[in-house]
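In what follows, a single structure is set out as structure tokens and then discussed.
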Amino acid sequence: MRWWKVAGLAGLAGVAATGAVIARSERRRRAYTPDEIRSRLHERVAEVTEKKE
């Protein structure tokens, strides 16, 4: 194989791996219900306001 073919295949494999990682994190993010997201945001706001006081 020529070097440019190897470089092209390596680049293609990198793009595919990056896409798989992004898809997995997106599925994990979308697994939360709106109520779970809301409660987590309320908890985070409560933590920040406690630290300020």
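What you see is a predicted model, and the numbers here were worked out from it, not measured in a lab. FYI, the numbering just counts along the sequence from 1.
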Any donor-acceptor pair under 3.5 Å from E50 side chain to E47 backbone:
no
List in chain and number order the residues that pass side-chain contact (heavy atoms from CB on, under 4.5 Å) with R24, two or more places apart in sequence or in another chain; answer none if no residue qualifies.
R27, R28
Hey, any chance V21 and V15 share a hydrophobic cluster, counting ILVMFWY side chains that come within less than 4.5 Å of each other, even indirectly?
no
